Amino acid sequence: MKSSFLSLLLTFGILVSCDTSNDQTKSTSSGDQEIDRTILPIQPPAHNPVTIMDARDAEKPEPFNIEAPEGAPNIVVVLIDDIGFGATSTFGGAINTPTFDRLADNGLRFNHFHTTALCSPTRASLLSGRNHHNVNVGSVMEVATGFYGNQGIRPDNAKYFAETLKQNGYSTAAFGKWHETATWEVSVSGPFTRWPTNSGFDKFYGFIGGETNQWDPVIFDGVTKVYKNDDPDYHFTTDMTNEAIEWVKFQQAMTPDKPFMVYYATGATHAPHHAPKEWIEKYKGKFDTGWLKLREETVARQKAMGVIPENAQLAPMPSDIKEWEALSDDEKKLFSLQMETFAGFAEHTDNEVGRLVNAIDEVGALDNTLFIYIMGDNGSSAEGGLEGTYNELVHLNGIFDEETVESMLEHANDWGGPNSFPHMSAAWAVATDAPFKWTKQMAADFGGTRNGMVMHWPKGIEAKGEIREQWHHVNDVASTVLEAANLPEAKSINGVKQIPMDGVSMLYAAKDANAEDQHTVQYFEMFGNRAIYSNGWLARVVHMVPWVGKPRAAFAEEKWELYNTEEDFSLVNNLAEDNPEKLKELVDLFEQEAIANNVYPLDDRLYERFNAAIAGRPDLMGDRKSLTLAQGMDGILENTFLNVKNTSKTIVADVSLKGKDHGIILCQGGKFGGWALYMNDGKPAYTYNYFGLESYTIMAPKAITASDAEIKLEYEYDGDGIGKGGTAKIFIDGKMVAEGRVDKSIPAVFSADETADVGKDDATQVADKVFNDVEDSEFTGYVNKVTISIPN
């Protein structure tokens with residue numbers, strides 16, 4: 001009988017008569033009962049049947065509540081986008097980041113902290129505690145493939161640490177950029193299992209894709225699309241910060257004893273580089289001496305601060321980068337403006353983080369908040385190409401010859417504002433990744449993977465203002481958080497056995513500056529750029545440079561390089577010929593890690609992978625050749641809409657009219673690229689907007705006077721190939737009324753988060769010469785039905 005009773009207690013997780021002083025798996029949560037926190041969700045114990053009839057005579061049992069371990073800290077993880085090791089004042093850079101400085105001065109700087117070299121993979125690794133291929137996020141969601149490791153479908157056996165916190169008594173919220181949901185799962189049809197609110201977060205406010213227009217974002221609250229606040233000074237970073245502050249204050253007001261976890265991931269400083277004018281102007285003239293001078297000054301400051309060793313060399317600039325002194329006056333003017341905008345954007349972002357820090361301090365929670373502030377999910381981005389761009393979507397489509405220095409300077413007054421979608425030159429990316437050579441995407445170089453990180457926790461870390469040199473990776477964040485919260489790594493979540501985390505806690509380093517490294521092996525891979533770190537050594541292959549967009553050599557023909565990172569901080573001295581045994585050892589180790597973590601097959605295709613059919617990933621439209629919609633169906637993201645790029649298309653709309661009608665019938669994209677079928681003063685029209693650089697409009701000569709009509713667009717694409725033009729024809733009730741040319745088209749991507757819409761144009765306007773805003777674009781008639789189709 002005693003044995004059976006003990007079995008019952010064990011079954012329900014009530015472990016008695018055990019020493020739990022050093023065991024994170026068990027802790028008191030309800031009364032004196034001890035619970036097993038490795039199996040989630042934690043279930044209440046069995047209860048004996050009540051034999052007393054009258055509630056007045058019965059004794060109420062103690063309620064079973066799941067509470068966080070006593071003294072568990074609040075958790076805030078800040079992740080800034082696309083900014084390198086040498087950008088900020090905290091790590092010797094030229095951009096003022098007073099909040100980053102403040103937390104570092106009262107906390108710790110980690111100068112050997114690493115990311116994956118790209119957005120989605122870093123986020124998946126951070127939140128799961130595993131290697132990015134291990135959780136099926138080998139690259140960004142938009143270029144997922146059909147091979148495990150790169151499919152973009154996060155598995156149930158590698159749940160995010162937010163889920164563990166939530167099921168252990170935390171309130172959890174995510175604000176800003178997500179970029180962790182497969183592209184075919186972002187429609188009204190879901191599934192929503194990999195959206196933030198089903199990934200461990202009680203609250204989400206932000207955008208779901210990889211980037212957003214900071215002035216006119218596409219925002220979700222949970223899984224519901226919402227519109228931005230009506231504010232002439234609106235900026236998304238400010239908006240998401242307001243939401244985060246309100247949530248923290250409300251949560252603490254309602255449950256002051258319940259710890260919270262905030263994941264605050266800005267869209268900044270990812271392109272488009274959008275910043276309020278006054279923040280850009282703070283840097284006027286500050287970069288007029290050029291990118292080489294900026295690198296040299298940064299390295300001098302880094303050495304003086306101790307964030308790099310005295311013997312660290314400044315890695316040589318890539319040979320493609322022009323000498324500043326050789327540039328024309330116009331080039332210098334344009335490039336200085338680009339960097340001023342980026343710097344203003346970064347400081348504005350840090351200021352918003354500061355508002356969140358102050359709010360947490362105001363509610364008395366900052367001392368017991370583990371604040372992990374990561375400056376960059378990868379190095380600074382070189383995706384603007386060698387000259388930068390007024391509309392980064394041009395380069396995202398693999399087009400580098402549409403803009404000139406002169407044409408970009410014509411927009412100088414708008415740079416960084418709502419009429420721009422800009423990105424800086426790759427040279428500035430290299431400069432802000434100092435002392436390293438390469439940039440974002442370059443998983444083979446610390447310029448792509450080493451990012452400044454600050455850890456701040458006054459109640460939990462005694463050391464202040466010190467530097468930690470232990471080698472760590474973004475997959476170590478989850479284990480760090482769990483150790484700080486005195487929680488174990490979950491063995492099972494929602495009935496699914498979890499794979500072990502790959503990362504280790506960093507708290508040992510926080511407590512002891514001289515502690516031996518505990519993260520000793522780590523692979524890197526992105527688009528064929530690859531490396532392996534092991535106990536102070538790094539072997540690598542630089543396979544492809546972002547602004548070139550094609551491999552240097554075939555995989556089988558490449559030569560590996562070898563570096564002793566303990567003596568060569570910035571990876572300057574290749575020791576491959578001097579130490580072939582060590583090189584072979586590391587290459588063999590990479591092979592083992594690659595196979596174990598689902599890295600193979602390597603895939604260096606870039607623009608082709610935007611096409612789901614070529615990449616081999618699922619497509620919501622599948623083999624469908626037509627899609628029928630109606631009034632009110634809007635907010636359809638690009639990857640869940642019919643792919644009408646590089647092909648002919650037909651649109652047939654059945655509309656009811658009021659006379660002199662105005663507004664969108666069907667559109668896709670926005671002012672920086674897209675197309676729209678609409679009516680203007682009763683006349684049907686079609687506009688194709690080529691990156692905001694050129695616009696082609698075909699319009700009927702006369703207004704429709706009837707109360708209903710069939711409006712048809714026939715667009716005949718010029719033939720095989722991508723980015724070609726075509727002929728557009730407009731028909732009213734079967735009669736052709738207008739014909740015109742579209743000289744060229746967008747080959748791969750209309751936008752990161754602009755949408756296809758019926759009856760209005762959400763966010764920015766495709767036909768921006770006709771419509772001022774969303775309200776102006778609302779159709780005055782009614783779209784009963786509209787069918788868009790492409791040839792079989």
Side-chain angles (χ1 to χ4, degrees), residues 116-124 131-155 178-187 189 191 194 208-211 378 383 392-393 395-399 440-441 443 525-530 543-544 546 548-551 554-555 594 597-625 627 636-647 668-669 673 720-723 745-754 756 790:
T116 70
L118 209 60
C119 306
S120 300
T122 287
R123 292 156 204 276
N131 291 324
H132 56 299
H133 291 89
N134 209 10
V135 291
N136 211 7
V137 187
S139 186
V140 290
M141 295 296 174
E142 293 82 359
V143 295
T145 71
F147 293 98
Y148 194 88
N150 263 298
Q151 292 171 333
I153 307 169
R154 295 184 285 107
W178 183 240
H179 210 195
E180 291 299 293
T181 302
T183 54
W184 59 92
E185 296 182 349
V186 293
S187 78
S189 300
R194 280 174 279 270
I208 207 73
E211 65 180 44
N378 39 245
E383 293 158 353
E392 59 107 4
L393 295 171
H395 290 193
L396 193 61
N397 278 271
I399 300 170
K440 176 184 177 181
Q441 294 189 20
E525 192 280 331
M526 199 64 60
F527 299 130
N529 291 311
R530 56 204 189 274
H543 178 70
M544 183 160 51
V548 176
K550 59 183 180 180
F555 292 128
N597 286 278
N598 311 295
V599 176
Y600 289 160
L602 302 179
D603 192 340
D604 57 11
R605 295 171 299 170
L606 293 178
Y607 310 111
E608 305 98 309
R609 282 169 60 175
F610 281 114
N611 187 319
I614 294 174
R617 65 177 172 273
D619 182 350
L620 188 66
M621 293 291 103
D623 295 328
R624 294 170 64 181
K625 300 298 182 183
L627 176 64
I636 307 169
L637 290 165
E638 185 169 344
N639 286 288
T640 57
F641 192 73
L642 202 66
N643 185 3
V644 295
K645 294 179 285 289
N646 310 308
T647 185
Q668 183 179 26
D720 294 336
I722 62 172
S745 61
I746 294 170
V749 184
F750 287 124
S751 172
D753 69 348
E754 292 270 11
I790 57 177

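Since the structure is predicted, the reported quantities are computational estimates derived from the model, not experimental observations.
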For the CZ atom on F147, are there more than 12 heavy atoms of other groups (residues, nucleotides or ligands in this structure) within a distance under 6.0 Å? no
Short side-chain to backbone donor-acceptor contact, N529 and M544, under 3.5 Å: yes
Within the structure provided, determine whether Q668 and E638 are in side-chain contact (heavy-atom separation under 4.5 Å). yes
I'd like to know if the side chain of T145 reaches the main chain of A615, judged simply by a donor and an acceptor atom lying under 3.5 Å from each other, with no hydrogens or angles considered. no
Do the non-hydrogen side-chain atoms of N598 and N136 ever get within less than 4.5 Å of each other? no
Heavy-atom pair of closest approach, residues P618 and A612: O-CB, 4.1 Å
Do side-chain atoms of T183 reach the backbone of E142 as a donor and acceptor pair under 3.5 angstrom? no
How about P747 and I399: do any of their side-chain heavy atoms sit closer than 4.5 Å? yes
Is there side-chain contact between L396 and E383, with heavy atoms separated by less than 4.5 Å? no
Heavy-atom nearest pair, N646 first then G723, reads OD1-N, 2.8 Å
Between H543 and F527, is the ring centre distance below 6.0 Å? no
Can you tell me which residue pairs pass the salt bridge (charged side-chain N to carboxylate O under 4.0 Å, His left out) test with a partner in residues 608-620, sequence neighbours excluded? D603-R609
Looking only at atom types and distance, does a side-chain atom of S120 sit under 3.5 Å from a main-chain N or O of H179, one as donor and one as acceptor? yes
Do the side chains of V599 and R530 get nearer than 4.5 Å, heavy atoms only? no
In short, D604 meets P551 closest at the heavy-atom pair OD2-CG, 3.2 Å
Any idea which heavy atoms bring N397 and L393 closest together, and the distance? ND2-O, 2.8 Å
Considering only heavy atoms from C-beta outward, does the side chain of V135 approach that of P155 to under 4.5 Å? yes
Report yes if the side chains of V137 and R154 come closer than 4.5 Å at any heavy-atom pair, otherwise no. yes
Are C119 and K440 packed together at the side-chain level, in the sense that at least one heavy-atom pair is separated by less than 4.5 angstrom? yes
So, for K645 and V749, which heavy atoms are closest and what is the spacing to 0.1 Å? CD-N, 4.0 Å
